J.: 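Before I ask anything, let me first share the structure, which is written out below as C-alpha cells.
Quick caveat: nothing in here was measured; it's all calculated off a predicted structure. Ligands are counted one by one from 1 in listed order, and the atoms in each one are counted from 1 as well.
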Amino acid sequence: MSRHKTLHFPQLFLVLATLLFMLTGVHAQTRPNVMILATGGTIAGTGASSTTTVGYTAATVGVQQLIAAVPELAKVANVKGEQVFQIASESMTNEHWLTLGKRVNTLLAQADVDGIVITHGTDTLEETAYFLDLVVKSRKPVVLVGAMRPSTALSADGPLNLYNAVLVAGSRDAAGKGVLVALNDQIHTARDVTKTNTSTPDSFRTPELGLVGYIQGGKAFFYRASTRKHTFDTEFDIANIAALPQVDIVYGYANMNTVALDAFVAAGAKGIIHAGVGDGSLAARVKPALIAARKKGTLIVRASRVGQGILARNGEANDDELDFIAADTLNPQKARILLMLALTKTSNTAEIQRMFYTY
Ligand SMILES: NC(=O)C[C@H](N)C(=O)O
C-alpha cells in the first residue's frame with residue numbers, strides 16, 4: 001500500500017474549495033469597499049451613434065450598468081452601486097446637494113465603507129465637489145468623476161475615468177486630502193478645480209495652483225495637498241439643514257446694468273456674488289445698487305469673472321467701508337457655495353471673510 005494516502009475526490013474537492021475560499025476571501029478582505037453613488041451626467045449618457053459626442057442624452061444609463069461596463073473594478077475594490085439621482089448636472093439644485101451630502105456622511109460613518117465615488121455630470125461637478133468638501137465629516141476619500149463623452153461614443157472616457165476614480169477612492173494616500181476630482185488620469189482638489197473646455201476630455205484643470213496627483217498604471221500618485229480646511233476640519237454641518245439660503249450671482253461686463261441685481265434682491269436673495277470684471281471692479285452705475293442691497297441686509301461678495309488670481313480685499317473697492325466680502329481665489333460659482341453655508345451660521349461679514357480665508 002502506498003505510504004501516501006491518496007485523497008479521494010470529495011476530500012480533494014473540499015481542500016481545493018477551502019483554498020479557493022481562503023484566497024478569494026483573504027483577497028476580498030484586502031480590497032477596499034468603495035460605494036459608487038450615481039447622479040447622472042454624460043458618463044451615464046447615450047448618443048445616436050458611436051461618433052455622437054455632442055447632442056447626446058445625458059443621465060440614461062443606471063449605476064449597475066456603469067459598473068458592469070468595467071469588470072476590472074472587481075479586481076481593485078469591492079464596489080457597490082447606488083442610484084441617488086439620474087439627472088444632467090446643469091439641473092443640480094441645493095436640494096440635491098443636501099440629499100447627497102447627508103447620504104455621503106451616513107455611508108462614510110459605516111465601518112464597511114472605505115471610500116466613495118460619485119459619478120456626476122461635468123457641468124456642475126466642480127460645484128458639487130466643493131459643496132461636499134465643505135460638509136463631509138470624514139477623512140475617508142470622496143472622489144467625483146464624470147465624462148466628456150457619452151458611454152456610447154468611440155473612445156468614451158467614462159469607463160477608464162470610473163476605474164481610476166475607484167482606485168483613488170480605495171487609496172490610503174487619498175485619505176484626509178478633502179474631496180477630490182479625478183478625470184483624464186489627473187487628480188484635482190474640489191476647491192481649486194474647474195471645467196475649462198466645453199467638450200474635450202482634458203476639460204478639468206486647476207489653473208496656476210495645479211493638479212495634486214495622477215493615476216497611472218493602476219495606482220494613484222500624489223504630489224501636493226491643499227492648505228485650506230475641508231471635510232474632517234469643516235465647521236459646517238448640514239445634518240439638520242432642510243434648505244440653504246438663497247444666494248445668486250450677477251455677472252460683470254461692459255455696459256452692465258442693475259436689472260438682474262435688483263431682481264435678485266427683490267426676490268429675497270440673502271447674498272449676492274458680484275462676478276466682477278478684472279479684480280472684481282464695480283461699475284459706477286452698479287456700485288450704488290450693491291451698497292443699497294447691503295444696507296437692506298444682503299451680504300455682498302466681490303468675486304472675479306477672470307478665474308485666476310487673488311481677489312484682494314480693499315483692492316478695487318473699499319470693502320471695509322462698504323462692509324463687503326472678498327472672495328480670495330474662489331471663482332463665483334464656488335464663492336456662492338461658501339457664502340450659502342456661511343449664512344447657515346452667521347451674517348457677520350468679518351466672520352464670513354474669515355471663512356473665505358479658511359476654506
Ligand atoms: N459632460 C457632461 O456630463 C455634461 C452634461 N451636460 C452634464 O453636466 O450632466
Side-chain angles (χ1 to χ4, degrees), residues 36-67 69-70 81-101 103-104 116-133 142-166 168-169 179-188 190-207 211 215 249 307 331-334 336-337:
I36 298 177
L37 302 183
T39 72
T42 295
I43 192 168
T46 48
S49 77
S50 62
T51 54
T52 305
T53 55
V54 288
Y56 51 81
T57 306
T60 57
V61 178
V63 65
Q64 298 309 336
Q65 216 177 322
L66 291 176
I67 294 171
V70 189
E82 186 174 304
Q83 192 78 43
V84 187
F85 323 116
Q86 184 68 296
I87 61 169
S89 76
E90 57 267 31
S91 301
M92 196 59 74
T93 65
N94 289 351
E95 291 67 36
H96 287 119
W97 282 348
L98 287 169
T99 301
L100 182 60
R103 185 62 184 142
V104 166
I116 289 181
V117 165
I118 298 170
T119 60
H120 195 289
T122 60
D123 289 354
T124 58
L125 189 148
E126 69 196 71
E127 297 178 54
T128 302
Y130 187 50
F131 173 76
L132 293 172
D133 202 43
V142 175
V143 184
L144 274 81
V145 63
M148 296 303 291
R149 296 174 181 148
S151 64
T152 45
L154 281 176
S155 301
D157 51 333
L160 184 56
N161 281 353
L162 178 59
Y163 176 77
N164 284 346
V166 168
V168 176
V179 172
L180 300 169
V181 172
L183 279 94
N184 195 41
D185 299 343
Q186 298 181 0
I187 307 169
H188 297 263
R191 183 189 187 278
D192 301 316
V193 74
T194 191
K195 183 173 181 178
T196 65
N197 190 290
T198 56
S199 62
T200 56
D202 65 346
S203 179
F204 280 80
R205 305 282 179 97
T206 300
L211 53 77
I215 307 109
I249 303 174
N331 65 28
Q333 55 270 31
K334 290 183 182 177
R336 171 182 167 266
I337 296 164

J.: State whether a side-chain donor-acceptor pair under 3.5 Å links N331 with E126.
T.: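 Yes, side-chain donor-acceptor contact under 3.5 Å.
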
J.: Quick one, T52 with T152, criterion side chain to side chain contact (heavy atoms under 4.5 Å, CB included). Give me CA distance, side-chain angles, the key distance, then yes/no.
T.: CA-CA 8 Å; T52 305; T152 45; 5.9 Å; no

J.: Which residue in the set L132, V181, V145, V143 passes side chain to side chain contact (heavy atoms under 4.5 Å, CB included) when paired with I118?
T.: L132

J.: Looking only at side-chain N and O atoms, does T93 offer a donor or acceptor that is under 3.5 Å from a partner on H96?
T.: yes

J.: For G41, counting its heavy atoms only, list the atoms of ligand 1 lying under 4.0 Å from any of them.
T.: 9 (O)

J.: Can you pull out the closest protein heavy atom to atom 4 (C) of ligand 1? Residue, atom name and distance to 0.1 Å, please.
T.: T42 OG1, 3.1 Å

J.: Pick, from G40, S89, P150, the option with the minimum heavy-atom distance to atom 9 (O) of ligand 1.
T.: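 Looking at heavy atoms only, S89 sits closest to atom 9 (O) of ligand 1.
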
J.: Consider every N or O of K195 and every N or O of ligand 1, then say whether any pair is closer than 3.5 Å.
T.: no

J.: Using heavy-atom distances only, which candidate in L125, I87, D157, T122 approaches atom 3 (O) of ligand 1 most closely?
T.: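 Residue with the shortest heavy-atom distance to the ligand atom: T122.
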
J.: For the pair F131 and W97, name the ring-plane relationship: parallel under 30°, tilted 30 to 60°, perpendicular over 60°.
T.: parallel

J.: Polar contacts were defined as any N/O atom of the residue lying under 3.5 Å from an N/O atom of the ligand; does this apply to E90 and ligand 1?
T.: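 Between E90 and ligand 1, an N or O pair is found under 3.5 Å apart.
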
J.: Taking only heavy atoms of A88 into account, list the atoms of ligand 1 that are under 4.0 Å away from them.
T.: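 Heavy-atom distances to A88 below 4.0 Å select 9 (O).
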
J.: Heavy-atom contacts with G121 under 4.0 Å: which atoms of ligand 1 show up? List them by number with element.
T.: 3 (O), 7 (C), 8 (O), 9 (O)

J.: Are D185 and N164 linked by a side-chain donor-acceptor pair shorter than 3.5 Å?
T.: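 Yes, side-chain donor-acceptor contact under 3.5 Å.
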
J.: With no hydrogens and no angle check, just 3.5 Å: does a side-chain donor-acceptor pair link K195 and S203?
T.: no

J.: Could you tell me whether A59 approaches ligand 1 through its side chain, its backbone, both or neither, with non-hydrogen atoms closer than 4.0 Å?
T.: neither

